[in-house]
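Convention: sequence-line order gives letters A, B, ...; per-chain numbering from 1. As the structure is a computational prediction, the values presented were derived from the model and not from experiment. The basis for the numbers below is simple: all heavy atoms, side chains too, and nothing from hydrogens, waters or symmetry mates.
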Number of protein chains: 2
Amino acid sequence: MGNKGEALRQRIIAAADELFYQQGYENTSFSDIADVVNISRGNFYYHFKSKDEILNAVIDARIAGIEAMLDEWDEKFADPLQRLYCYIDMLLRAQEEIRLHGCPIGSLCTELAKTSHAMLSDANKMFTVFRDWLMVQFKLLGVESNVKKMAMHFIARVQGIVTVTNAFEDKEFLQQEVKQLKKWLDDEVVFPKSSNQ
Amino acid sequence: MGNKGEALRQRIIAAADELFYQQGYENTSFSDIADVVNISRGNFYYHFKSKDEILNAVIDARIAGIEAMLDEWDEKFADPLQRLYCYIDMLLRAQEEIRLHGCPIGSLCTELAKTSHAMLSDANKMFTVFRDWLMVQFKLLGVESNVKKMAMHFIARVQGIVTVTNAFEDKEFLQQEVKQLKKWLDDEVVFPKSSNQ
DNA sequence: GTCTATATCGAGATAGAC
DNA sequence: GTCTATCTCGATATAGAC
């Protein structure tokens, strides 16, 4: 493939990614994306045969983005606890986007569960990447049992915070919950009083 | 209004309620609803002038339904702790619907946050009804500070469980999280070790 | 009240010129 | 590769007969 065509393809994916997050998948039309990228609707179909195909490309791009981000964190922080704090602080860094549009992963899964069940199993892989990374960090911290359950629990806690922050458009709620979540990390994961779960 | 017309109106609202939950709001057409109720699309507009109007009616009906359910629980259980267990067990009772369609409140708010922001403030009132009821139960249990924060935290925990259960279509996750949530209720609310939050 | 048209719009998708 | 038509479908909504 030529360099120019490949670059345009990436620009389409990036535009679709953002619009799907802000407006939802079904609610975003080809025209919306085409307007952002400044191409015609017709040209669209040279790069993607269907809307499903764009969604697939967006999911793949997001997964690659998450993996790159986690690699960066691993390099930046030697201490697994610092990495986990960095994960929680992601909520603070993205709090305005979360207030307005929720979680890019969670809200997409919620939408796909209602419309196209078939693609849900692709979308939830985004969660799986985070889950597997969390499991590694927990193990490094010395947690030996229920590591997977703990990682899923962690993800659910974050999703709950995001859903409520978004529903009430309330960043203060997010901020206070972040503090509690760090407390949970310190008390239940790093220094558990008894066997967990 | 005549009795027959009023009854049909209620049937339309009930059908819309269920379809909005299963398929999402935007993704549900007048035809879908009309098919269930067995009326023509045209007849629809005699009862509701627009789709927004149906959504408003559905939200009102859901709020009335939640209030009736909570009244029932209050009557059935004298002990606030039993009432809160009943609230948590709602997850188990509805686990198959949750696996398939998520939370009727949470998923609607998530959708409206992306499409029609204007109606989000109506939709999140459904959460508020639960929140206010939770606050009453916590106070009855002797909790004196951060009652509102605790109620919001509780709701977020439930939302997180539902979002992940739905995304992974995994009822086992829901079941194990229900146990943990009851443990949280016992340890942190009923017998808090120290001042909370 | 309930129905059968019908109007209007915007969506996804295709064909073919350049 | 990118464009301008154009097709087809299904959505909300309206008009008017019964």
Side-chain angles (χ1 to χ4, degrees), chain A residues 1-59 108 111-112 114-119 122-123, chain B residues 1-59 108 111-112 114-119 122-123:
Chain A
M1 269 202 192
N3 208 343
K4 194 181 168 189
E6 188 57 23
L8 177 54
R9 192 190 148 89
Q10 295 308 318
R11 276 171 56 218
I12 292 172
I13 293 172
D17 190 345
E18 189 173 1
L19 286 169
F20 290 170
Y21 176 43
Q22 294 172 344
Q23 310 182 343
Y25 171 61
E26 291 282 355
N27 195 46
T28 298
S29 68
F30 283 143
S31 298
D32 291 337
I33 304 171
D35 285 351
V36 171
V37 190
N38 253 309
I39 59 167
S40 68
R41 262 158 298 146
N43 188 6
F44 223 107
Y45 291 85
Y46 173 79
H47 298 277
F48 299 95
K49 287 196 229 3
S50 71
K51 209 182 171 187
D52 279 9
E53 222 170 88
I54 305 175
L55 179 57
N56 258 316
V58 167
I59 290 173
L108 180 61
E111 180 179 351
L112 293 178
K114 295 215 190 284
T115 52
S116 51
H117 245 214
M119 309 209 66
D122 294 312
Chain B
M1 270 199 189
N3 208 342
K4 194 181 169 190
E6 188 56 23
L8 177 55
R9 190 189 149 89
Q10 294 308 317
R11 277 171 55 217
I12 292 172
I13 293 171
D17 189 346
E18 190 173 0
L19 287 169
F20 290 171
Y21 176 41
Q22 295 172 343
Q23 310 182 341
Y25 170 62
E26 291 282 354
N27 195 46
T28 298
S29 69
F30 283 143
S31 298
D32 292 336
I33 305 171
D35 285 351
V36 172
V37 190
N38 253 308
I39 59 168
S40 68
R41 262 158 296 147
N43 187 6
F44 223 106
Y45 290 85
Y46 174 78
H47 298 278
F48 298 96
K49 288 196 225 5
S50 73
K51 211 182 171 187
D52 280 8
E53 222 170 89
I54 305 176
L55 179 57
N56 258 316
V58 166
I59 290 173
L108 180 61
E111 180 179 352
L112 293 178
K114 295 217 189 284
T115 52
S116 52
H117 243 216
M119 307 210 67
D122 293 312

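When side chains are defined from C-beta on, A/L108 does not count as touching A/F20, because their heavy atoms never get closer than 4.5 Å. When side chains are defined from C-beta on, B/I54 counts as touching B/F44, because their heavy atoms get closer than 4.5 Å.
Near-neighbour residues of DNA chain D inside residues 47-59 of chain A, defined by a heavy atom below 4.0 Å, number-ordered: A/H47.
Listed for the A/E26 side chain is no donor-acceptor partner under 3.5 Å among the backbone atoms of B/N27.
Among the heavy atoms of the strands lying under 4.0 Å from B/F30 are primed sugar atoms or P, OP1, OP2 only; no base atom is included. Within 4.0 Å of A/S29, counting heavy atoms only, lie sugar-phosphate atoms of the nucleic acid but no base atom.
Counting all heavy atoms, side chain and backbone alike, B/T28 lies closest to B/D32 at CA-OD2, 3.7 Å.
The interatomic distance linking B/E6 (CD) with C/dG1 (C1') rounds to 14 Å, in whole Å. Regarding A/N43, its CG atom lies at a distance of 15 Å from the P atom of C/dT14, rounded to whole Å. Atom CZ of B/R41 and atom C1' of D/dA11 are 10 Å apart (whole Å). Between the OH atom of B/Y25 and the P atom of D/dT12 there is a distance of 9 Å, given to the nearest Å. Rounded to whole Å, the distance from CG on B/N27 to P on D/dT12 is 10 Å. As rounded to whole Å, 19 Å separates atom P of D/dA15 from atom CZ of B/F44. Distance CD (A/E26) to P (D/dA11): 12 Å, rounded to an integer number of Å. Rounded to whole angstrom, the span from the CG atom of A/D35 across to the C1' atom of C/dA11 amounts to 14 Å.
Between A/F30 and A/Y45, the two ring planes are perpendicular [angle over 60°; tilted spans 30° to 60°].
A/D122 CG to A/L112 CG: the interatomic distance, rounded to the nearest 0.5 Å, is 9.0 Å.
With D/dT4, D/dG1, C/dC3 as the candidates, the nucleotide lying closest to the side chain of A/Y46 is D/dG1. Candidate nucleotides D/dT14, C/dA13, D/dT2 were compared by shortest atom distance to the side chain of A/Y45, and C/dA13 ranks first.
Under a cut-off of 6.0 angstrom, the local environment of CD in A/E18 is sparse, with at most 12 non-hydrogen atoms contributed by other residues, nucleotides or ligands.
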